[in-house]
K.L.:
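Below you'll find the structure I mean.
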Amino acid sequence: MKPLASSDFVADRGIAGRIAARLVPAVRATRGFFARRRRLAMAIASILFVGGLAWAVESAGIALAQIEGQWLAAVLALGFLGVILNGIELSRCAGALGKKIPAPEAINLSSVGILSNLLPIPASALVRGGALMATGATLAQSGRILLYVGLLRLSVAGAITGLALTSGPLGWPVVAGSCLASAILFALIAQVGGIISALRLLGLRIAMLAGIAIQLWFCFRALGANAGLADAALQSIAPVVGSAVGIVPGGLGVSEAIGAALALLVSGSSAMAFAALALNRLVGYACAGLTVLAFQARKAMGGR
């Protein structure tokens with residue numbers, strides 16, 4: 001798939017196209033710089049992730065044998081729910097463009113996209129964009145809807161994290177700014193696919209990020225931390241920002257480092273935050289992998 005050109009957005013796209021045209025070059029320039037060094041960045045991120053996890057386990061006194069099974073099972077259950085919601089979101093993105101990707105196919109493709117984050121290339125975006133283009137959507141249409149939905153994920157995550165910080169001076173300004181950004185993105189998505197599609201995608205994003213917050217809370221509990229739901233909500237933005245930065249696929253190591261830094265804002269344990277986010281990531285990969293295997297097995301048995 002050829003690189004996304006800002007000119008693809010501008011022609012006859014109105015205000016939405018001009019906004020996208022301003023955003024895309026900046027994002028592409030940053031990613032382009034690191035893309036030329038992606039293998040090195042991936043190696044450094046892997047070292048950061050493994051080394052950080054070893055530090056977190058040691059510093060927080062986490063004993064793998066003492067991980068609480070019932071909480072880990074809850075993390076896995078929400079992990080599978082997240083995989084399903086990711087697929088439904090891809091299907092809804094296609095619907096916003098007047099195209100159709102059946103939910104099972106979208107779930108399979110999204111799972112492949114999640115696993116592709118393990119590669120030293122931005123393959124997840126390519127999988128999702130390629131899936132939309134395979135339905136007949138143009139490069140501009142696919143890129144635009146994925147850009148808006150990706151930014152919506154960031155703005156909703158910002159609102160959830162802001163709510164966790166309302167006891168301090170940063171909380172309400174973050175909530176207000178995030179809600180304003182979400183409203184603008186909602187309007188842009190509605191311009192593309194209508195208000196119903198925008199409502200569906202907004203609802204999915206809220207559900208997915210609320211699920212991430214609860215899943216992180218279960219991760220803390222599984223690791224033996226007496227963390228509250230607010231602590232987990234604070235961390236919900238970390239995987240979103242880490243992935244959005246695009247320096248390394250999936251924000252490997254970067255998301256966990258962001259979460260460790262966020263924990264300092266509430267005098268929490270940076271080591272435990274890193275460990276919880278790392279566990280959440282590993283469970284996500286496991287759930288995506290099992291989902292792909294299930295679809296492959298179904299295909300091998302002649303299922304549809």
Side-chain angles (χ1 to χ4, degrees), residues 1-6 8-9 13-17 19-21 23-24 27-28 31 80-117 122-157 181-212 239-240 243-244 246 249-250 284 287-288 291-292 295:
M1 189 169 66
K2 69 177 183 178
L4 191 62
S6 58
D8 289 328
F9 289 94
R13 304 294 179 189
I15 295 175
I19 292 174
L23 289 173
V24 170
V27 174
R28 190 180 59 194
R31 290 189 172 183
F80 281 113
L81 177 60
V83 167
I84 292 171
L85 290 178
N86 263 293
I88 294 174
E89 182 189 64
L90 177 58
S91 180
R92 293 303 186 190
C93 284
L97 299 176
K99 311 298 180 181
K100 183 177 181 181
I101 301 179
E105 182 181 350
I107 292 169
N108 185 27
L109 288 169
S110 288
S111 300
V112 171
I114 292 171
L115 292 178
S116 69
N117 281 330
S124 181
L126 295 177
V127 169
R128 293 171 70 85
L132 292 175
M133 292 178 67
T135 66
T138 66
L139 176 63
Q141 290 173 329
S142 303
R144 189 166 67 256
I145 192 67
L146 291 178
L147 173 65
Y148 292 162
V149 170
L151 291 175
L152 183 64
R153 182 187 184 198
L154 184 60
S155 65
V156 173
S182 296
I184 293 172
L185 290 163
F186 177 87
L188 292 173
I189 294 171
Q191 187 179 55
V192 173
I195 292 180
I196 298 300
S197 290
L199 284 171
R200 287 172 174 170
L201 287 168
L202 176 61
L204 276 170
R205 270 302 173 198
I206 293 173
M208 291 166 68
L209 286 160
I212 289 175
V240 181
S243 298
C287 292
T291 301
V292 171
F295 275 101

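Because only heavy atoms are used, hydrogens play no part in the values below, and waters and symmetry mates are left out as well, while side chains stay in.
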K.L.:
Atom CD1 of Ile88 and atom SG of Cys93: how far apart are they, to the nearest 0.5 Å?
P.N.:
12.0 Å
K.L.:
To the nearest 0.5 Å, what is the distance between CD on Glu105 and OG on Ser110?
P.N.:
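Going from CD on Glu105 over to OG on Ser110, the span is 10.5 Å.
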K.L.:
Quick one: closest heavy-atom pair of Lys100 and Thr135, and the distance?
P.N.:
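Where Lys100 meets Thr135 most closely, the heavy atoms are O-CG2, 3.6 Å.
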K.L.:
With Ile189, which of Leu151, Ile184, Val149 fulfils side-chain contact (heavy atoms from CB on, under 4.5 Å)?
P.N.:
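Considering Leu151, Ile184, Val149, a side-chain contact (heavy atoms from CB on, under 4.5 Å) with Ile189 is found only for Val149.
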K.L.:
Pick one: which of Ile114, Asn108, Leu109 meets side-chain contact (heavy atoms from CB on, under 4.5 Å) with Val112?
P.N.:
Asn108
K.L.:
Under the side chain to side chain contact (heavy atoms under 4.5 Å, CB included) rule, what do Leu152 and Phe186 come out as? Steps first, then yes or no, please.
P.N.:
CA-CA 8 Å; Leu152 183 64; Phe186 177 87; 5.5 Å; no
K.L.:
Once you round to the nearest 0.5 Å, how far does OH of Tyr148 lie from OG of Ser155?
P.N.:
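These two atoms lie 13.5 Å from each other.
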K.L.:
Identify every side-chain donor-acceptor pair in residues 192-205 under 3.5 Å, counting partners at least two apart or on other chains, and give the distances.
P.N.:
| unit_1 | atom_1 | unit_2 | atom_2 | d |
| --- | --- | --- | --- | --- |
| Ser197 | OG | Gly193 | O | 3.2 |
| Arg205 | NE | Glu89 | OE2 | 2.7 |
| Arg205 | NH2 | Glu89 | OE1 | 3.1 |
| Arg205 | NH2 | Glu89 | OE2 | 3.0 |

K.L.:
Mind listing the closest non-hydrogen atom pair of Ala94 and Ile101 along with its distance?
P.N.:
CB-CG1, 3.7 Å
K.L.:
What pair of heavy atoms forms the shortest contact from Arg128 to Leu90, and how long is it?
P.N.:
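What the structure gives for the nearest pair is O-CD1, 4.0 Å.
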K.L.:
Could you tell me which residues satisfy side chain to side chain contact (heavy atoms under 4.5 Å, CB included) with Ser142, sequence neighbours excluded, listed by chain and number?
P.N.:
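Scan of Ser142 (side chain to side chain contact (heavy atoms under 4.5 Å, CB included), adjacent residues dropped) gives Leu132, Met133, Ala137.
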